[in-house]
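Residue numbers begin at 1 in each chain, while the letters A, B, ... track the order of the sequences.
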2 protein chains.
Amino acid sequence: MKNYTRSLRCINCGKISSLKPIYSCEMCGGVLEVTYDYKKFKKDHETIYNISLANKSSLLPIDINEEEPFPYFNTPLIKAKGIGLDVGTNNLYFKLEFNTLTGSFKDRPVYVGIKKAKEFGYQKVIVASSGNGASAVAAYATREGLESIVLVPATTPAAKVSQAYAYGAKVIKVEGPYSNAFNLAWQISQEEDVYNITTTFLNPYTIEGDKVVAYELIQNLKGNSPDYVVVPIGAGPLLVGIYNGFYENTLINEKQKIPHMIGVQSMGCNPIVKAFNEGKQHVTPEKSPDTIAGGIGDGLVGYSQDGTYTLNTIKDSEGIALEVSDKEIMHAKNLLASREGLYVETSSAASVAALIKHAKTHPFSSTSNIVIILTGHGLKESFGKNIEEEVPVISNNVEALKLLLKK
Amino acid sequence: MKNYTRSLRCINCGKISSLKPIYSCEMCGGVLEVTYDYKKFKKDHETIYNISLANKSSLLPIDINEEEPFPYFNTPLIKAKGIGLDVGTNNLYFKLEFNTLTGSFKDRPVYVGIKKAKEFGYQKVIVASSGNGASAVAAYATREGLESIVLVPATTPAAKVSQAYAYGAKVIKVEGPYSNAFNLAWQISQEEDVYNITTTFLNPYTIEGDKVVAYELIQNLKGNSPDYVVVPIGAGPLLVGIYNGFYENTLINEKQKIPHMIGVQSMGCNPIVKAFNEGKQHVTPEKSPDTIAGGIGDGLVGYSQDGTYTLNTIKDSEGIALEVSDKEIMHAKNLLASREGLYVETSSAASVAALIKHAKTHPFSSTSNIVIILTGHGLKESFGKNIEEEVPVISNNVEALKLLLKK
């Protein structure tokens with residue numbers, strides 16, 4: 001197993017640091033990214049056609065344990081049944097990123113972060129999360145024998161809170177928007193011996209785990225990249241990580257393409273979309289996020305540079321940023337379950353809502369390959385409707401049942 | 001793609017029927033199983049070493065759609081971290097059967113059942129289920145454009161009921177034990193044009209999907225079979241299906257072994273364990289099941305022959321049947337989450353509880369390969385504790401957080 005990591009580099013000023021546990025550029029405070037010896041990587045892999053054929057840990061900052069499936073889950077890629085017709089293409093796919101140990105896409109980045117925590121010698125980790133990262137950090141910390149502290153917004157669904165708690169994390173709810181939890185976790189990790197695995201762009205290693213989605217997509221599509229990849233975004237590390245994975249693929253074979261990245265936000269929390277639509281160079285934080293899609297309700301207060309990074313990545317890919325209303329999201333969520341048999345959390349449905357809406361005025365070509373990333377399981381939050389009122393109860397009586405079935 | 005199916009055969013009287021939509025032997029009422037042309041299968045595959053190398057649909061009664069991952073999910077097999085030490089072996093594995101589309105092991109058998117419903121020309125399907133089968137039938141019916149009717153016990157967790165409802169099924173709760181729902185579904189499928197996909201042994205095709213677990217395990221273990229496979233059992237089709245898969249593997253290579261099958265029940269609903277311990281030839285139904293493990297709380301009233309079939313399979317494999325208390329199950333559930341990072345539904349934890357308990361008096365050899373099947377995600381039911389009381393809420397104040405962390 002060969003690891004090509006070289007350094008941490010600031011995406012803002014370019015300063016190079018060693019691969020140590022820091023969260024931002026020591027010179028300018030910018031976002032850090034892991035760099036690799038791509039020249040050597042390319043040379044070592046010049047006989048292969050695409051990146052899914054490279055060794056599993058080649059372009060990750062950790063060594064992969066071949067006995068474990070993490071962070072390579074081989075989540076299924078399935079073709080859309082009906083919704084595809086609504087956006088113009090016959091090649092609409094869903095990547096089931098909820099098919100992981102903890103039920104969300106956060107397993108991949110968090111696995112990398114926890115491995116780094118262990119490598120750096122930490123015994124405790126902290127994360128600020130809207131819920132999915134919380135459970136992932138709690139689960140993998142437990143698996144690696146680390147203690148975990150999990151800060152979630154007070155409005156986080158009970159199913160997510162319970163899950164993180166069950167794994168043995170110290171779970172604490174923080175009042176106000178997600179940014180509050182983010183900033184508190186940051187302070188603790190500055191002052192105490194606790195490693196911060198918050199999966200925005202704060203921890204520079206976690207995003208590397210997101211690249212695996214791209215590697216797997218190329219494998220799922222038999223060596224090809226899709227034309228578009230649609231991702232719900234808060235700060236946007238999943239979108240950037242997937243982009244990076246496809247970018248690395250082009251290093252092996254210049255003929256391979258990078259998909260257009262489509263980032264989706266809720267109208268109630270749309271700092272990146274706003275900057276995109278207004279042609280601005282920088283993202284402005286949203287101080288009062290208000291959306292039912294909690295997983296992407298990140299106003300970026302105090303770290304709007306993260307949003308700017310995602311904005312630039314979307315532009316680099318010649319992609320677009322789209323926004324949808326809560327109502328459109330809920331409609332798409334129901335459509336996904338009742339027409340595709342896909343039960344996902346609200347934030348996941350934002351992508352579907354945006355794609356359907358956008359296609360009404362900008363239909364896709366019928367041969368376009370579009371992949372929607374479904375980020376979290378529907379079981380992660382309570383169902384919107386009062387199920388007690390919707391589901392009848394009968395006694396053990398076949399006539400009562402027949403009567404109901406005639407309705 | 002070659003399909004070797006031949007007929008349906010009664011496991012009781014041996015009567016052969018064609019592969020049609022019936023639920024029991026037309027002669028004696030016995031359980032039906034699908035037969036294959038094993039001789040031809042063996043001849044066609046004499047150059048391969050194990051069954052995981054055979055074509056995907058070879059020994060299934062349906063054609064596999066290579067574009068879809070179903071029912072081949074390649075669910076992860078992961079090695080136990082700490083619990084393994086408690087049972088004596090260093091080779092304790094968990095097969096994550098909750099890593100499917102709907103979050104439980106039922107996806108595999110139900111996929112096969114739904115495909116048969118479509119092949120037989122039905123537009124409607126019905127299932128009686130403690131919850132996991134309900135969601136799986138609802139999801140795959142939707143995917144195949146069929147209507148579904150789902151009968152669940154009135155005590156089924158809200159998360160499971162909501163999930164089935166979201167997929168668009170007609171969900172109806174039935175008072176009393178699971179057997180009531182089972183018998184009502186049976187009556188409807190006798191009188192109306194509705195195909196019954198209840199995944200006990202009623203539908204003879206669904207159990208074929210369970211064999212895929214064995215095929216995948218052989219692949220996970222690089223061509224070998226485990227020594228023991230531990231399965232929580234209600235009627236027990238998952239246990240029998242897995243056994244059948246391993247049995248088929250021995251047809252390709254006689255040196256390959258069939259694992260000892262360990263079936264686990266709750267003391268509050270233990271008809272199969274009781275018959276096993278008392279050396280009886282037939283299972284007696286349990287009229288008043290009383291256990292927190294709803295997924296295996298099947299008293300088999302009206303179809304105890306299903307339990308007898310599972311009992312005989314356990315004996316054939318030189319396996320054992322074990323029982324555990326609700327308290328032991330809850331302890332194991334917490335242990336799994338807080339030591340292994342595995343958040344599973346209560347019934348899944350019964351296997352772990354039984355293994356730990358059994359090993360105290362009958363330790364396994366340190367080289368034994370043991371696989372525990374984890375059947376459902378923890379998100380499928382509400383968390384036992386009142387999470388509001390366990391998780392503190394703080395305002396956006398770092399001093400308050402520091403105080404909490406010192407505790």
I need the residue from [options] with the largest number of non-hydrogen atom pairs under 4.5 Å to chain A.
| options | result |
| --- | --- |
| B:E68, B:E192, B:E67, B:H377 | B:H377 |
| B:A181, B:G168, B:A158, B:P392 | B:P392 |
| B:L336, B:I394, B:V393 | B:I394 |

Would a distance-only check, ignoring hydrogens and angles, find a side-chain to backbone donor-acceptor pair under 3.5 Å from [X] to [Y]?
| X | Y | answer |
| --- | --- | --- |
| B:E216 | B:F73 | yes |
| B:N180 | B:E175 | yes |
| A:S348 | A:V344 | no |
| B:R108 | B:P71 | yes |
| B:S162 | B:A159 | no |

Part of B:A166 lying under 4.5 Å from any heavy atom of chain A: both
Structural part of B:L101 lying under 4.5 Å from a heavy atom of chain A: both
Salt-bridge contact B:E144-B:K115 (side-chain N to carboxylate O under 4.0 Å): yes
Residues B:K106, B:E97: salt bridge by 4.0 Å N-O rule: no
No-hydrogen, no-angle side-chain donor-acceptor test under 3.5 Å, A:Q163 and A:K380: yes
B:S189 side chain to B:N196 side chain, donor-acceptor N/O pair below 3.5 angstrom: yes
Trace of the salt bridge (charged side-chain N to carboxylate O under 4.0 Å, His left out) decision for A:K56 with A:E66: CA-CA 9 Å; A:K56 279 197 168 180; A:E66 287 289 342; 5.0 Å; no
At a 4.5 Å cut-off on heavy atoms, which part of [X] comes close to chain B: side chain, backbone, both, or neither?
| X | result |
| --- | --- |
| A:N74 | neither |
| A:K79 | both |
| A:I149 | side chain |
| A:L379 | both |

Inter- and intrachain pairs under ring pair (Phe, Tyr, Trp, His ring centres under 6.0 Å), touching residues 122-181 of chain A, at least two apart: A:F70-A:Y140, A:Y111-A:Y140, A:Y122-A:Y195, A:Y165-B:F383, A:Y167-B:Y343
Which of [options] touches chain B most, by non-hydrogen pairs under 4.5 Å:
| options | answer |
| --- | --- |
| A:V152, A:T100, A:N220, A:L151 | A:T100 |
| A:I78, A:N183, A:L96 | A:I78 |
| A:T75, A:V194, A:I387 | A:I387 |
| A:N397, A:L77, A:V391, A:V161 | A:V391 |

Heavy-atom contacts under 4.5 Å, residues 125-138 of chain B to chain A: none
B:K333 vs B:E345, salt bridge (charged side-chain N to carboxylate O under 4.0 Å, His left out): CA-CA, chis, key distance, verdict: CA-CA 8 Å; B:K333 186 179 169 178; B:E345 68 170 357; over 6 Å; no
